[in-house]
Number of protein chains: 2
Amino acid sequence: MTRDASRPAAGRPRLSGAPTGSPRQDIIREAIALFVAKGYAETTMSEIARSAGLRQSSLYYWFARKDNILQALLEENRSSLALATALEAQSGAAAPRLYAVLHADVMQLCSAPLDFYEFERVARSQPQNFGAFFDDYAALHRLTASIVHQGVSAGEFLAVDSSDVATAALGLNEGLQRHYRQPLPGLRSYSAEQVSELSADTSLARLLAIPESLPEIRMAARGITSDWNTTAES
Amino acid sequence: MTRDASRPAAGRPRLSGAPTGSPRQDIIREAIALFVAKGYAETTMSEIARSAGLRQSSLYYWFARKDNILQALLEENRSSLALATALEAQSGAAAPRLYAVLHADVMQLCSAPLDFYEFERVARSQPQNFGAFFDDYAALHRLTASIVHQGVSAGEFLAVDSSDVATAALGLNEGLQRHYRQPLPGLRSYSAEQVSELSADTSLARLLAIPESLPEIRMAARGITSDWNTTAES
DNA sequence: ACACCTTTTCGATAAGTTATAGAAAGTCTC
DNA sequence: GAGACTTTCTATAACTTATCGAAAAGGTGT
């Protein structure tokens, strides 16, 4: 399990005569496509192997367990953490910062290849391998609660328990992510942008003494987000 | 697959010499215990059979598929629907009624033998068998939205899209149910009552023009709920 | 007493899953 | 070329869910 960057490759040739460019990346790419289409549990190693152009058992040369494919894919999980870290340390009104963090989190959950809960299930079954997942979650929770606390201290928000509010906000993010991913029959379906807005709106609305200010906050948050995106690119 | 109520029973005796009282019920009972302990997907038919005192293949005489055990167990899913139906038709302030419905829903999700999402996953894989599940969900959503709409019309709530609010409220219920069932490492854990209150508080707070009235509403909802429980018993 | 039907359980087994072991088929180094 | 290294293969173990037909009881009519 070493190469992966080199080109022509050694080793026994594939029976399928497949290109064998960068097996590890190829496998991950094909696995993602299948996970998106059918979910993790419903995707078999045989299917991934077929898509990637090798035999089922050959996958185990690159990934010792099915989980490990997921783990490789986890690296950029909850990357909204970076935004949260930056915004928590920032000064200024708490409301737009909180809005931006929550909105970005839902957007990220929606665009991830796997349902958050499916991910969490696997992470829970392999805590030693997925410690980073739980660390990230705890960090996001702490940062969220901290921004809420800032808002409460500044009199910008109602007096609430900031930890409870963070729990509810993240729980709502996850619950609505699910509604985006798997719309329930009989209910309207939402776009990623729509659920993100619905979630952030809901969490913010409960904090504001003057609910009418929500539209301004939404606008301000949009500004913060786009600033972040442009600076992050450079 | 007929008897199930009678006592001594015909048929080939069990190898285990087990009591063979009411096999169907016995199986369901043992299955629930295992589902609660390990979840649906992680519980095998062999384990259920061992607990119930017969062989793995004999289970299939009573339940043609593993799903069917779940289905039998589904009958009382989202029974908060009954409360919602009653309260939607009731007159009076919308806020306490909405609070009571949301609170009862989370309590029910928390006390169910299975995680809501695990249930939903199975239901989705067998839509023809689990139609009732989705029907109930759609009904609960409709009733919730209707109560919200009543509150908006009466000027009791802020002007919001009642369907969106219902989606967010139910999504929050499900998300927090998960936090109760599977507390994330690093975060505090909540009791069923605590998550129910957190969820209902959050959903209501975003609707109220005067957030300070939440405590009264919470009290009033408690009254409604206990009234319902006493009349339902008689 | 006995043949026959119904109910329930069992053993054997098929087809699919994740994962392991060791042989095989190339390239690379000396 | 000889040998080492890398990668893939085949074969197979152990475990799933699910099916099939035989087996073991009770009940019924003659």
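So you know, we letter chains A, B, ... as the sequences are listed, proteins then strands, and number each from 1.
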Worksheet item: From D:dT8, C:dC10, D:dA18, pick the nucleotide closest to the side chain of B:Arg14?
Response: C:dC10
Worksheet item: Rounded to the nearest Å, what distance is computed from the CG atom of residue A:Leu70 to the P atom of nucleotide C:dT18?
Response: 13 Å
Worksheet item: Quick one: salt bridge (charged side-chain N to carboxylate O under 4.0 Å, His left out) partners of A:Arg188, sequence neighbours excluded?
Response: B:Asp164
Fill in: For A:Tyr117, all residues meeting ring pair (Phe, Tyr, Trp, His ring centres under 6.0 Å), sequence neighbours excluded
B:Tyr117
Worksheet, complete the sentence: Value for CG (A:Leu34) from OG1 (A:Thr44), rounded to nearest 0.5 Å, stands at 8.5 Å
Worksheet item: Can you name the ring pair (Phe, Tyr, Trp, His ring centres under 6.0 Å) partners of A:Tyr40, sequence neighbours left out?
Response: A:Phe35
Item to complete: Can you run down the salt bridge (charged side-chain N to carboxylate O under 4.0 Å, His left out) pairs that involve residues 27-40 of chain B, sequence neighbours left out, and say none if there aren't any?
Response: B:Asp26-B:Arg29, B:Lys38-B:Glu47
Worksheet entry | For B:Ala139, side chain to side chain contact (heavy atoms under 4.5 Å, CB included) partners two or more places apart | B:Leu81
Worksheet entry | Listed partners of A:Thr202 passing side chain to side chain contact (heavy atoms under 4.5 Å, CB included), at least two apart | A:Leu172, A:Leu198, B:Ala168, B:Arg206
Output a table of nitrogen or oxygen pairs between the protein and nucleotides 19-23 of chain D separated by less than 3.5 Å.
from   : atom 1 : to      : atom 2 : distance (Å)
D:dA23 : N3     : B:Arg12 : NH1    : 3.4

Worksheet item: A:Ile27 has an atom CD1; how far is it from atom P of D:dT7, in whole Å?
Response: 11 Å
Practice prompt. Round to the nearest Å and state the distance from A:Lys66 atom NZ to C:dA19 atom P.
Written response: 8 Å
Worksheet item: How long is the line joining CG of A:Leu59 and P of D:dT10, in whole Å?
Response: 14 Å
Worksheet item: Atom CG of B:Asp67 and atom C1' of D:dT16: how far apart are they, to the nearest Å?
Response: 14 Å
Every protein N/O lying under 3.5 Å from an N/O of nucleotides 2-5 of chain C:
none

Response to the item:
Residues at least two apart in sequence or cross-chain that pass salt bridge (charged side-chain N to carboxylate O under 4.0 Å, His left out) with B:Arg50, listed by chain then number, are none
Discussion item. Can you tell me if A:Ser58 touches the phosphate of D:dT7, counting only side-chain N or O atoms and a distance under 4.0 Å to OP1 or OP2?
Written reply: no
Item to complete: Taking only the side-chain nitrogens and oxygens of A:Tyr61, find out if one of them lies under 4.0 Å from OP1 or OP2 of D:dT7.
Response: yes
Item to complete: List in chain and number order the residues that pass salt bridge (charged side-chain N to carboxylate O under 4.0 Å, His left out) with A:Arg97, two or more places apart in sequence or in another chain; answer none if no residue qualifies.
Response: none
Worksheet, complete the sentence: note: B:Trp62, atom CH2; D:dT17, atom P; distance rounded to Å ~ 20 Å
Worksheet, complete the sentence: Here the residues of residues 41-53 of chain A within 4.0 Å heavy-atom distance, strictly under, of DNA chain C are A:Thr43, A:Thr44, A:Met45
Fill in: Counterpart residues, side-chain hydrogen bond (donor to acceptor under 3.5 Å, both in side chains), relative to B:His103 (two or more places apart)
B:Glu193
Discussion item. Can you tell me if A:His141 has over 12 outside heavy atoms packed within less than 6.0 Å of its NE2?
Written reply: yes
